[in-house]
Amino acid sequence: MKAQTEQRTGLLYGFGAYGMWGLVPLFWPLLKPSGAIEILAHRMVWSLAVVGVALLAMRRWGWIRELLRQPRKLALTTLAASVISVNWGLYIWAVNNGAVVEASLGYFINPLVTIAIGVLVLGERLRRAQWAAVGIGVAAVLVLAIGYGRPPWISLVLAFSFAAYGLIKKKLNMGGVESLAAETALLFLPALGYLLWLGAQGRSTFALDDPGHSWLLAATGLVTAIPLICFGAAAIRVPLSTLGLLQYLAPVFQFGLGVVYFHEAMPPERWAGFSLVWVALALLTWDALRTARRSRARLAEAGASAATAATAATATATAIATSEAAVAAEVAGGAEVAGAVHGAPEPPPTVATPAREPA
């Protein structure tokens with residue numbers, strides 16, 4: 001019962017995380033007239049404040065010294081911070097420039113790009129269904145390129161940058177809050193310097209007459225941190241296969257907002273390209289579920305075989321013990337019979353000792 005409650009709670013956290021990521025396109029237009037780079041700089045500065053409070057509450061500081069002692073890990077963290085900054089900056093720019101649908105496509109094809117990077121970089125081997133999904137994804141990109149009259153570069157940069165970020169995070173193997181704190185700490189000074197430069201140039205939008213705008217810019221830290229906290233809470237409560245399915249919620253919401261709320265154009269060739277992407281994702285999901293089901297069946301079979309072997313070993317040990325007990329009883333019974341036939345040995349005769357006469 002407790003496990004079911006935990007899983008239900010994890011699902012709610014997962015829906016919350018991916019739902020917020022899916023609805024974030026509604027937030028970025030509220031920050032106009034701020035440009036994408038200024039919004040990104042505020043996100044870096046205020047995110048450090050949020051994760052700093054989180055680390056203070058959890059009292060996790062030992063990882064900082066360990067990170068500083070490992071130049072390779074520090075370099076990878078710097079690379080991760082740079083890659084995710086490109087991803088976030090382009091995403092904010094795309095939303096505020098009427099490309100929400102194309103941005104959502106980037107997160108739709110991200111699983112396919114992740115698989116391709118696994119093959120090219122990590123030397124992983126793909127199953128047939130995965131190869132088919134990747135091939136359909138490539139065909140979808142070609143169809144969309146024809147429809148757009150150019151390659152869907154926003155989608156491709158978002159997909160490849162996020163996939164590269166995931167690969168770097170896999171090599172780093174750091175906790176979610178710690179890695180976010182390290183990345184934002186590395187970006188803090190450049191971001192703060194850029195904001196101070198904007199202020200000196202009179203181009204900053206933070207100190208406008210409207211205090212609400214300043215508060216919204218400061219809220220970019222929470223917009224980053226809260227979904228990550230929910231994601232972390234979900235990751236420890238639900239299986240990774242479930243999280244893999246939930247990840248499609250974000251681009252679905254983004255695509256819906258782009259078409260319904262922002263009224264972006266969807267000509268037939270764009271529908272065709274997106275349909276191919278969805279077919280590829282459906283095939284990928286089916287293959288993942290089938291593989292997970294087979295793995296569970298193999299584990300159950302192995303467990304049953306181990307239980308059978310243990311039961312057989314117990315039965316064998318019991319039979320041996322019973323046989324030994326029977327043999328011992330038979331030997332003891334034979335001794336008693338022999339004693340009854342031959343009689344018990346007579347005690348040695350006693351010799352009377354003559355009494356001494358008194359001197």
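Heavy-atom basis, side chains included; hydrogens, waters and symmetry copies ignored. Small disclaimer: the values here were computed from a predicted structure and weren't measured.
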field: Stepwise side chain to side chain contact (heavy atoms under 4.5 Å, CB included) test for Phe206 and Leu198
entry: CA-CA 10 Å; Phe206 184 73; Leu198 279 182; over 6 Å; no

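- Of the inter-residue distances, the one linking Leu180 atom CG with Thr77 atom OG1 reads 11.5 Å to the nearest 0.5 angstrom.
- At distances below 3.5 Å, not a single donor-acceptor pair connects side-chain atoms of Trp46 with backbone N or O atoms of Ala219.
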- request: Please step through side chain to side chain contact (heavy atoms under 4.5 Å, CB included) for the pair Trp63 and Leu55, ending with a clear verdict.
  value: CA-CA 11 Å; Trp63 60 272; Leu55 289 172; 3.7 Å; yes

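- Interatomic distance, CZ of Phe188 versus OG1 of Thr184, reported as 9.5 Å (0.5 Å rounding).
- In this structure, Trp28 places its CH2 atom where more than 12 heavy-atom neighbours from other residues, nucleotides or ligands lie under 6.0 Å away.
- Residues passing the side-chain hydrogen bond (donor to acceptor under 3.5 Å, both in side chains) test with Gln130: none are found, sequence neighbours excluded.
- In the hydrophobic cluster analysis, where Ile, Leu, Val, Met, Phe, Trp and Tyr join through side-chain heavy atoms closer than 4.5 angstrom, Val277 is grouped together with Phe160.
- Listed by chain and number, the residues in a ring-ring contact (aromatic ring centres under 6.0 Å, His included) with Phe274 are Phe255, Trp278 (sequence neighbours excluded).
- Counting heavy-atom neighbours within 6.0 Å of Arg150 CZ, excluding the residue itself, gives a total above 12.
- Applying the side-chain contact (heavy atoms from CB on, under 4.5 Å) rule to Leu167 yields the partners Ile117, Val121, Leu122, Lys171; only residues at least two apart in sequence or on another chain are considered.
- Between the OG1 atom of Thr224 and the CE atom of Met20 there is a distance of 11.5 Å, given to the nearest 0.5 Å.
- In this structure, Ile37 places its CD1 atom where only 12 or fewer heavy-atom neighbours from other residues, nucleotides or ligands lie under 6.0 Å away.
- The line from CZ of Phe27 to CD1 of Ile39 is 8.0 Å long, rounded to the nearest 0.5 Å.
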task: Let me see the working for Tyr261 and Val100 under side chain to side chain contact (heavy atoms under 4.5 Å, CB included), right down to the final yes or no.
output: CA-CA 10 Å; Tyr261 183 80; Val100 177; over 6 Å; no

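- Cluster partners of Leu283, using a side-chain heavy-atom cutoff of under 4.5 Å among ILVMFWY residues and allowing indirect links, are Ile136, Val143, Leu276, Val279, Trp286.
- Listed by first then second residue, pairs satisfying side chain to side chain donor-acceptor pair (under 3.5 Å) with a partner in residues 153-167 read Asn87-Ser161, Tyr165-Lys169, Tyr165-Glu183, not counting sequence neighbours.
- Within a 6.0 Å radius of CH2 in Trp197, more than 12 heavy atoms belonging to other residues, nucleotides or ligands are found.
- A donor-acceptor pair under 3.5 Å links the side-chain atoms of Gln254 to the main chain of Trp21, judged by distance alone.
- For the atom pair Leu142 CG and Ile146 CD1, the distance stands at 6.5 Å (nearest 0.5 Å).
- Judged as a side-chain contact (heavy atoms from CB on, under 4.5 Å), and not counting sequence neighbours, the contacts of Pro267 are Ala265, Glu269, Arg270.
- Note: the hydrophobic cluster containing Val51 also contains Leu189 (ILVMFWY, side chain heavy atoms under 4.5 Å, direct or indirect links).
- Tyr13 OH: 12 or fewer foreign heavy atoms inside a 6.0 Å radius.
- Atom-to-atom distance recorded for Asn110:CG and Gln247:CD is 7.0 Å, nearest 0.5 angstrom.
- Among Thr205, Thr220, Asn96, the one residue that satisfies the side chain to side chain donor-acceptor pair (under 3.5 Å) test with Ser34 is Thr205.
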